[in-house]
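This report concerns only the one structure given below.
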Amino acid sequence: MKTAKLCWGQRYMWLRFHQLPPAHRHETHVVLRLGVHEGITLANCRATLTYLARRHEALRTTFHLDGDGDPYQKVDPPGPVRAIEVTTERDGTPSPAEVVEDLSSRPFDLESEWPIRACVITTGGVPKQMVVVLNHLAVDVWTIGELKRELRMQRAGFAGRRPAAIQPVRHQPADLARYEASAEAAVTAARAVAHWENEIAQLPYDLFAARRTRPADPPARHATLISPALLPASRELAATHRAWPSLIHLTAYTATMAAYTGSDTVGHLSFVGNRDSHPFGDVLTCMFSPTLVRVDCSGDPTFGELLARVSAAFTLAREHAYLPYDEVVELLSREGSRRAHPVRLASEFNFIKQASREYKGTRTAFTSNPVPESWAHTGTDTYVRVDEWKDAVAVSLHAASSVMDGDAVERFLRGFEAVLLAARDEGLRLSEAARLAGFAPPASETPGCGGARPYLGNSDADPAAEQDLAEIVRQVNGLRKTDLTRSYTLAGGRALRIPRVLAELGAQGWTGLDVCQLAGPTPLRALARRLVPLSTQDRNRLGVVTS
């Protein structure tokens, strides 16, 4: 058994996991559906999963809080991975759909459960499909690709009655964690923090200030546009401008977002793998983190000019992407305190290449998806994901109702397509993007619209709430005293310890705060006004001891 601190890439997912209410934490799950070769038995499927967990410590790791409130990972000894058999036959047992729904929607117990669950779907006792559910704290896109590759090799080995020739594992997450505690890594992080501090200082306080309204029902929207035409268009533009296709899509996103918000500066978080930033790029664990890409959109640039700005901004961002994300959270909090107004950096962009997927259609398809109830709890304004398939490009948009209604979501996605298709015209300028998308001009900026300013409350806090909050923040962070007139960060609180603060508040019978609120610039005294006593039912359910 070994222990190690969280790797830097896990810290983003750690905070995101704890931002979500327990019933919505399946938002951080990854679900894999894998075919099974003919001749593979149920025992073979189980042996394959157990072998994976033996090889990769990330799959037999649990997550805990130490005495100081810092999270750490503990690697358990090798053991079997339980794979439930579920049949397609009607025999009175739960159906495959019911079992998969349970495995993929039930939150992981980080302290006691390995970050892998599985079931094998059989017909007549013969395996037909294996479904694997993973906790994102243990995996990223690269990791998932490697796990799929190893699973394919093992299944082929069982089918051919020969051992799979898989290379030995060189490094484990604990090796990476030790490197990230070194002086060399500290220098890298310090340089990145200085860069982020400068970039955050130049962000508008709220990209959606001119569009933001009060939250409404439904709390968020989700839609997808699949366009066969976007694939050749993006590749043609990439060849013309000698750029990666991902940057072509990022430029179209930036243009569309600038058109919708009316902002001369578009800042968002792009996801970077960080595997080329250190000597442990082959570690199977969650290593990605968001990085700030800030683009100057002033001067009505052409698409080509905007692409050059996006490329330069993304290159600079990647050079400073490798750092503990909790330190970025603290930078944003301090900048919000300096301006006396929260600085929101809550728009995310992700590009994923999936060459194995096919659309097999010839026309653009727009689909409104079910309300993303769980995603709405993440505290994010928008999330755009671009998937490049074999024969099409799929663009998916999640948006909080406070920044986009259903019509705006559809216009944004169709505008994204229109901008990129029209970009083959060398003279296309940013000012044309709003016309192509059909956006009405945004209203004049109204700071604080929709409750964007720090919450100050309209009544005095319960003295007991203030006292408990101050004492818990002090104890968890090892402070001499807690200044309630300052934000959690300025008072000396560390972002990575916020989950412990929330757990201790719950143990004292308080609810009403989340990770994002404590990580913001709102003074602790104002946050205390948000605290409400747990009901008797909740106290009994959680085992809260009352005096």
Side-chain angles (χ1 to χ4, degrees), residues 6 11 14-25 28 62-72 74 107-113 137 326 329-330 333 336-337 342 377-379 451 454-547:
L6 288 192
R11 297 186 180 192
W14 170 261
L15 291 174
R16 192 177 183 96
F17 177 89
H18 285 95
Q19 165 64 20
L20 293 164
H24 295 279
R25 285 176 177 168
T28 61
T62 53
F63 300 89
H64 308 263
L65 293 170
D66 65 19
D68 294 327
D70 289 324
Y72 68 95
K74 183 180 73 174
F108 279 91
D109 185 338
L110 298 185
E111 292 191 351
S112 63
E113 184 181 6
L137 270 166
D326 51 296
V329 173
E330 292 168 8
S333 178
S337 295
H377 288 276
T378 63
Y455 177 85
L456 299 178
N458 50 21
S459 62
D460 292 333
D462 183 336
E466 287 191 3
Q467 180 179 343
D468 284 350
L469 179 61
E471 182 60 17
I472 288 169
V473 169
R474 187 192 69 79
Q475 288 186 358
V476 169
N477 291 282
L479 306 175
R480 190 165 58 86
K481 64 177 182 177
T482 304
D483 185 349
L484 289 173
T485 66
R486 312 192 83 184
S487 71
Y488 172 82
T489 299
L490 291 185
R494 301 309 305 268
L496 209 57
R497 296 181 179 182
I498 290 176
R500 168 57 69 85
V501 172
L502 295 175
E504 294 295 333
L505 283 170
Q508 291 298 317
W510 297 104
T511 187
L513 291 179
D514 61 28
V515 171
C516 289
Q517 290 163 350
L518 269 171
T522 304
L524 287 169
R525 176 162 284 122
L527 289 179
R529 296 171 192 165
R530 287 183 177 270
L531 290 173
V532 294
L534 285 167
S535 65
T536 302
Q537 181 179 359
D538 286 337
R539 284 172 175 264
N540 293 335
R541 178 173 56 83
L542 296 173
V544 176
V545 178
T546 56
S547 55

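Side chains included, hydrogens not; waters and symmetry mates left out as well; all remaining heavy atoms used. Note that this is a predicted model, so its numbers are computed, not measured.
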Do [X] and [Y] have side chains that approach each other closer than 4.5 Å (heavy atoms only, starting at C-beta)?
{"X": "Thr511", "Y": "Leu531", "value": "no"}
{"X": "Thr28", "Y": "Phe108", "value": "no"}
{"X": "Thr62", "Y": "Leu110", "value": "no"}
{"X": "Glu504", "Y": "Val476", "value": "yes"}
{"X": "Pro71", "Y": "Trp14", "value": "yes"}
{"X": "Leu6", "Y": "Tyr72", "value": "no"}

If you measure only the distance, is there a donor-acceptor pair under 3.5 Å linking the side chains of Glu471 and Gln467?
->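 Side-chain D/A pair, Glu471 to Gln467: absent.
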Mind jotting down which residue pairs meet the salt bridge (charged side-chain N to carboxylate O under 4.0 Å, His left out) criterion with at least one end in [range]? Sequence neighbours excluded, please.
{"range": "residues 477-486", "answer": "none"}
{"range": "residues 507-522", "answer": "none"}
{"range": "residues 516-526", "answer": "Glu466-Arg525"}
{"range": "residues 16-25", "answer": "Arg16-Glu348"}

Using the side chain to side chain donor-acceptor pair (under 3.5 Å) criterion, which residues pair with [X]? Sequence neighbours excluded.
{"X": "Asp70", "result": "Arg497"}
{"X": "Thr482", "result": "none"}
{"X": "Gln517", "result": "none"}
{"X": "Ser487", "result": "none"}

Write down the atom of [X], the atom of [Y], and the distance for their closest heavy-atom approach.
{"X": "Ala526", "Y": "Thr522", "value": "CB-CG2, 3.7 Å"}
{"X": "Cys516", "Y": "Thr378", "value": "SG-O, 3.9 Å"}
{"X": "Val515", "Y": "Gln19", "value": "N-OE1, 3.1 Å"}
{"X": "Leu15", "Y": "Pro499", "value": "CD2-CD, 4.3 Å"}
{"X": "Pro22", "Y": "Pro107", "value": "O-CG, 3.5 Å"}
{"X": "Thr489", "Y": "Ala519", "value": "OG1-O, 4.3 Å"}

Supply the atom-to-atom distance [X] [atom1] to [Y] [atom2], rounded to the nearest 0.5 angstrom.
{"X": "His64", "Y": "Glu111", "atom1": "NE2", "atom2": "CD", "value": "6.0 Å"}
{"X": "Leu484", "Y": "Leu469", "atom1": "CG", "atom2": "CG", "value": "6.5 Å"}
{"X": "Leu534", "Y": "Leu505", "atom1": "CG", "atom2": "CG", "value": "10.0 Å"}

Who are the salt bridge (charged side-chain N to carboxylate O under 4.0 Å, His left out) partners of Arg500, not counting sequence neighbours?
->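 For Arg500, no residue satisfies salt bridge (charged side-chain N to carboxylate O under 4.0 Å, His left out) once neighbours in sequence are set aside.
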Which residues share a salt bridge (charged side-chain N to carboxylate O under 4.0 Å, His left out) with Asp326, sequence neighbours left out =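 For Asp326, the residues satisfying salt bridge (charged side-chain N to carboxylate O under 4.0 Å, His left out) (neighbours in sequence not counted) are Arg11.
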Short question: side chain of Glu330, backbone of Arg494 - any donor-acceptor pair under 3.5 Å?
->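 No: the side chain of Glu330 does not pair with the backbone of Arg494.
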By ring-ring contact (aromatic ring centres under 6.0 Å, His included), which residues pair with Tyr488, not counting sequence neighbours?
-> none
Please list, chain by chain and in numerical order, all residues satisfying side-chain contact (heavy atoms from CB on, under 4.5 Å) with Ala464, sequence neighbours excluded.
-> Asp462, Trp510
